[in-house]
Amino acid sequence: MNRGFVTHEIRRESTLCGLWSLSADGRSLTAYVPSCLESIPGLETYRGEGVYSRWIETDSVCNLRFVFLGVSFDARVYLDDVLLGRHEDAYTAFAFVAPGVQPGRHRLSVRVDNRFGEHAALHVPNDYMSYGGITRACHVQTVPDVFIRSLSALPRADQGAWLLHLSVKLQPISGQPHDLTVTVHAAGQTVALHGRIAAQELTLEHTLRVEHADEWSPQSPTLYSVRAVLCVDGSAVDDLTERVGFRSVQASPSRVLLNGSPLRIAGVNRHEDMANFGCAIPAAAMLHDLTLIRDLGFNAVRTSHYPNDPLFLDYCDELGLLVWEEGHARGLSLEQMQNPHFLAQSRASLSEMITQHINHPCVIFWGLLNECASDTPYGRTCYERLLGVMRSLDDTRLMVSASCKRGRGWGLPPAMVSSEAGDLCHDLQDAVCHNIYPEWYLSVDTAAMLRDLYQGVQNAGGAGKPFIISEIGAGALYGNHDPRRAKWSEERQSDILRSQISALLADEHVAGFFIWQFCDNRVTQEGGWFRDRARTMNNKGIVDEYRRPKMAYAAVREALTALKYTEK
Ligand code: ADA
């Protein structure tokens, strides 16, 4: 449900999207789910609690599983005032089970809170908005005493064929023992996996050899269904369908390889943010964004700086758009990384992102900790630990982090030095990625900056890895035209982007880049961001928050049109 394809044919599911009662800021309201609190008149800048509630009805005793794809950003879910569970962080899904629910009407409530504080290590005042509310779709399922919690299918190229590693996680409810069989259908094959479950979760695994499969690629994004059916005591009680694309991702010393061929990545950063909707972007608007991104000529998108709605990834799978998906965290200082909740919350964001989105072939990079304190020894221990967790969950994608820490000892012109020690974590990752703003924040020439930075990272753990510019761009206020072509005018932004892109394309060391950014996004009023963020918006969008194109649109489109993405 709320995906780009049908995920269940046996499990009963109903949407919880629609009108809910909401009490917030001392007012009783009716709110549409999913949406942001800030979209409600009078709550545009609200920070506080909101309690959503609605009735649900059951006609027999059953186990209900409530699935939320995203609640921003601290959520507590209750059924008839009994707490089912709590989830922190806006950008990953969670589910709670209420066992043995009696027939009749029941009150489902969700208490949301978007207040900052020490309890929230990742949601801090920032250059993007932490909204409040039930901001992604939600639904309720009826599940049997043992149900399929997840199904992953990871392809790996193997001497002209594919190995497809299947993993089915089963969750028990009562703890009563059951003998069970899971039948998995994938790429024209069927395999039956047997097991016995009691109180503990059970994982069944199997690797299929697939001799012939059409590859997934941007030119031909072929998808295959993988379907698991759970039988207990001879009857089919539950099912789950996922999709897989057969493709491999590797790094050569200078390029990212997709299916063995070097890629030239021309991507764009995108915040999930839109005028009127905040981060709760409806499906049609997501598709409109993707239409514009493809029309501009980009072949990749970076989900700066948090995991995205799975529906967006479904569309990227179908359209063949490559994705750098990023765990939640932007610009945390050493002190913020020392928050006692930081490691646990980061680990949760990264592991939930990877386990929930592992089947999307579009995802070629898993990213972590954008511009955090990677230039400190403590920061390095955090990067190391978190990358260890990420690699243990998936070793078929490249692990990356966007840095802005350029060290004094790197041999760079003084204007480019941004940190005493420089990034200490490049050696831990599969590519070296930097966010740079030549011609915007720095009065330096883009080609020169690329050349100097490439040389600089060679002795800083970056040798033998693809070199990627994870952010580059300039700002303009929509509608601000100026014959002087001054900064903040649409003219100047388009001049700068044109010049940046031509330098990026001319530099053979650059394996890929991501323009900052697709659309203007709202920033928090807290934390001093308003000072160089006119309108409390980050105005570096190629389109504004209504998706109205700035002059940069035509400039970027023209610069990218002739690009050939595969270099073979
Ligand atoms: C950084 C950061 C982005 C954004 C950008 C900017 O590189 O990663 O989130 O803040 O700078 O606009 O300055």
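All ligand and atom numbering here is 1-based and tracks the order in the structure.
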Please name the residue in the list E371, E471, H426 that meets the side-chain hydrogen bond (donor to acceptor under 3.5 Å, both in side chains) test with H434. H426

If you measure every N/O of H305 against every N/O of ligand 1, is any gap under 3.5 Å? yes

Among all protein non-hydrogen atoms, which one is nearest to atom 12 (O) of ligand 1, and what is the separation to 0.1 Å? K540 NZ, 2.5 Å

Quick one: are V256 and I468 in side-chain contact, heavy atoms under 4.5 Å? yes

Atom 2 (C) of ligand 1: nearest protein contact (heavy atom, Å): E471 OE1, 3.3 Å

Between H271 and F518, does the ring centre distance come in under 6.0 Å? no

Selected option - heavy-atom contact closest to atom 5 (C) of ligand 1, from W440, Y437, Y128, W529: Y437

Under 4.0 Å to a heavy atom of Y441 - the qualifying atoms of ligand 1, by number: 6 (C), 12 (O), 13 (O)

Pick out which of R86, R47, R115 makes a salt bridge (Lys or Arg N to Asp or Glu O under 4.0 Å) with D74. R86

Which of the ligand 1 atoms, numbered from 1, are nearer than 4.0 Å to a heavy atom of N370: 2 (C), 8 (O)

Within 45° of the axis and under 6.0 Å from the centre of the six-membered ring of F298, does NZ or CZ of R270 qualify? no

Can you sort out which atoms of ligand 1 are near D127, meaning under 4.0 Å from one of its heavy atoms? 4 (C), 6 (C), 10 (O), 12 (O)

Find all atoms of ligand 1 within a distance of less than 4.0 Å from any non-hydrogen atom belonging to R533, and give their numbers and elements. 6 (C), 12 (O), 13 (O)

Give a yes or no on whether the ring-centroid distance for Y91 and H305 is below 6.0 angstrom. no

Does ligand 1 have a heavy atom under 4.0 Å from the side chain of Q517, from its backbone, from both, or from neither? neither

Side-chain donor or acceptor of D520 paired with backbone N/O of G541 under 3.5 Å: yes

